[in-house]
Amino acid sequence: MTGGGGCAPPRAPRAGTPRRLLAGTLLALLVALVAPVPAAAEGPGPQCPPGQNDCSIWDDDPGTPGDPGGGGDTGGDPGGGAAPKCQWNGKPLPCYNEFLGWFNNGDGCYYKLAEPQPEAPEGTRWYVRTCNGGDLGSQTVVPLETPPPGFGTPPDPEELARRVLASISLLPPRIAVAPRRNTGPGLVGLPVWMWASPGQNYFGPIHAWDSDRGLRVDITAKVDRIVWTMGNGVKVTCADEGTPYDPKGPRAGKTSPDCGYDSGYPKAGTYRVSATTYWSVTWRGGGESGVIAQTRTSGTTPIEIDELQVVTR
């Protein structure tokens with residue numbers, strides 16, 4: 001179990017303070033802790049606009065290699081951060097487009113044979129050239145004696161793997177916490193439960209494949225870990241989606257068995273909790289293999305924490 005430490009009981013009154021608590025007050029506070037919690041709304045990925053979860057699939061910038069969170073994992077960049085094989089003005093592009101042909105890094109143009117071929121001098125062939133990284137407004141037909149660089153090359157396995165990845169949905173986690181602000185505050189020093197909705201598109205594994213010009217590539221996408229940002233500078237790493245809190249279950253009022261902020265918040269306040277899933281997309285094909293790293297980040301959900309109030313008489 002990952003988290004911020006062991007379960008801390010309510011703090012005892014300071015020396016000299018009467019120790020008799022009103023049972024009704026303590027019961028009300030505990031009910032606030034164990035109230036059932038609805039799931040939070042789905043949020044966008046870390047670099048994606050709302051509703052577009054796949055914007056980083058073609059981004060070859062390694063970015064932040066990993067988030068150690070609360071589990072001590074130093075992370076790593078499984079994708080290797082290699083420069084894209086085809087790019088224009090710093091933007092990665094597919095080296096082959098079924099409509100435009102093959103890309104030439106030298107001039108930023110795609111080339112395909114014109115069909116049908118107009119009459120041309122001997123040894124010359126006509127090519128449809130689409131420049132400015134594939135801008136259809138920059139399309140002309142040109143005669144060339146030799147094919148341009150890159151023309152007719154076989155598919156790149158990683159590029160095909162990214163195309164397969166773009167065809168599936170890796171969704172941001174739908175998160176929930178207990179306690180939840182709209183059902184009552186929690187208490188300083190008491191454990192917090194976190195969990196996310198299970199499902200293939202939220203945690204995997206997802207298997208997919210595609211073929212192009214005789215090359216087949218298979219991918220498997222699954223979440224390696226989920227890192228929770230607790231809103232106070234603390235991060236907690238969990239291996240999976242966690243366990244939903246059950247106010248009538250055997251662990252009611254105790255720590256989560258697999259995903260919790262066990263030591264609880266040290267100070268009263270309202271905090272905004274979010275979570276990021278770290279996906280590994282392994283691919284294999286054409287005698288090659290590799291890993292494409294992806295992340296998806298939830299929206300935030302509020303949690304309110306109060307001080308334990310001691311009532312005496």
Side-chain angles (χ1 to χ4, degrees), residues 1-3 36-59 63-71 73 75-79 161-180 182 192-210 218-231 235-246 249 256-261 272-283 291-303:
M1 175 175 64
T2 59
V37 180
E42 179 181 310
Q47 299 176 337
C48 301
Q52 183 182 353
N53 301 317
D54 60 352
C55 63
S56 61
I57 287 174
W58 293 97
D59 182 6
T64 303
D67 190 333
D73 183 5
D77 177 19
R162 290 182 182 272
R163 277 169 44 190
V164 180
L165 174 56
S167 71
I168 63 177
S169 294
L170 310 183
L171 298 180
R174 298 176 60 91
I175 63 172
V177 296
R180 180 79 177 269
N182 62 0
V192 175
W193 288 47
M194 299 94 69
W195 68 96
S197 299
Q200 190 177 52
N201 293 102
Y202 296 105
F203 285 86
I206 302 175
H207 305 282
W209 66 275
D210 198 2
D218 296 81
I219 70 168
T220 299
K222 64 178 182 178
V223 167
D224 290 333
R225 65 193 186 279
I226 178 169
V227 178
W228 294 80
T229 301
M230 305 307 298
K235 293 187 177 183
V236 178
T237 300
C238 299
D240 53 30
E241 60 266 33
T243 301
Y245 184 77
D246 181 2
S256 168
D258 48 14
C259 189
Y261 185 18
R272 302 195 68 82
V273 179
S274 63
T276 298
T277 46
Y278 286 77
W279 291 78
S280 286
V281 182
T282 57
W283 61 268
V291 179
I292 303 170
Q294 295 282 291
T295 60
R296 297 291 183 268
T297 297
S298 73
T300 60
T301 187
I303 183 171

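Residue numbers run from 1 in the order of the sequence given.
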Enquirer: Of all heavy-atom pairs between C259 and G242, which one has the smallest distance, and what is that distance?
Expert: CB-CA, 3.8 Å
Enquirer: At what distance, to the nearest 0.5 angstrom, does OG1 of T276 lie from CZ of R225?
Expert: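 Going from the OG1 atom of T276 to the CZ atom of R225 covers 10.0 Å.
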Enquirer: Just by distance, do the side chain of D258 and the backbone of T243 share a donor-acceptor pair under 3.5 Å?
Expert: yes
Enquirer: Between S169 and N201, do the side chains contain a donor N or O and an acceptor N or O under 3.5 Å apart?
Expert: no
Enquirer: Side chain of Q294, backbone of S280: donor and acceptor closer than 3.5 Å?
Expert: no
Enquirer: Using atom types as modelled and distance alone, determine if a side-chain donor or acceptor of T277 lies under 3.5 Å from a backbone N or O of R296.
Expert: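 Present.
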Enquirer: Looking only at non-hydrogen atoms, find the nearest pair between C238 and G260 and report the distance.
Expert: SG-N, 4.4 Å
Enquirer: If you compare all heavy atoms of V177 against all heavy atoms of P302, which two are closest, and at what distance to 0.1 Å?
Expert: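 Closest heavy-atom pair between V177 and P302: CG2-O, 4.5 Å.
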Enquirer: Could you give the distance from OH (Y261) to CH2 (W228), rounded to the nearest 0.5 Å?
Expert: 14.5 Å
Enquirer: Nearest 0.5 Å, please: how far is CG in L170 from CZ in F203?
Expert: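 Between atom CZ of F203 and atom CG of L170 there are 12.0 Å.
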Enquirer: Before you tell me yes or no, could you show the steps for K222 and I206 under side chain to side chain contact (heavy atoms under 4.5 Å, CB included), namely the whole-Å CA-CA distance, both residues' side-chain angles and the distance that decides it to 0.1 Å?
Expert: CA-CA 7 Å; K222 64 178 182 178; I206 302 175; over 6 Å; no
Enquirer: Any idea which heavy atoms bring G299 and S274 closest together, and the distance?
Expert: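 Closest heavy-atom pair between G299 and S274: O-CB, 3.6 Å.
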Enquirer: I292 vs W283, test: side chain to side chain contact (heavy atoms under 4.5 Å, CB included). Steps then yes/no.
Expert: CA-CA 8 Å; I292 303 170; W283 61 268; 3.9 Å; yes
Enquirer: If I take atom CD1 from residue I226 and atom OH from residue Y202, how far apart are they, to the nearest 0.5 angstrom?
Expert: 12.0 Å
Enquirer: Can you tell me how far apart CD1 (I175) and OG1 (T229) are? Round to the nearest 0.5 Å.
Expert: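 It comes to 9.0 Å.
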Enquirer: Measure the spacing between NE2 of H207 and CD1 of I219 and express it to the nearest 0.5 Å.
Expert: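 The NE2 atom of H207 sits 10.0 Å away from the CD1 atom of I219.
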Enquirer: Taking all atoms of both residues into account, what is the closest heavy-atom pair of G204 and W279, and its distance?
Expert: N-CH2, 3.6 Å
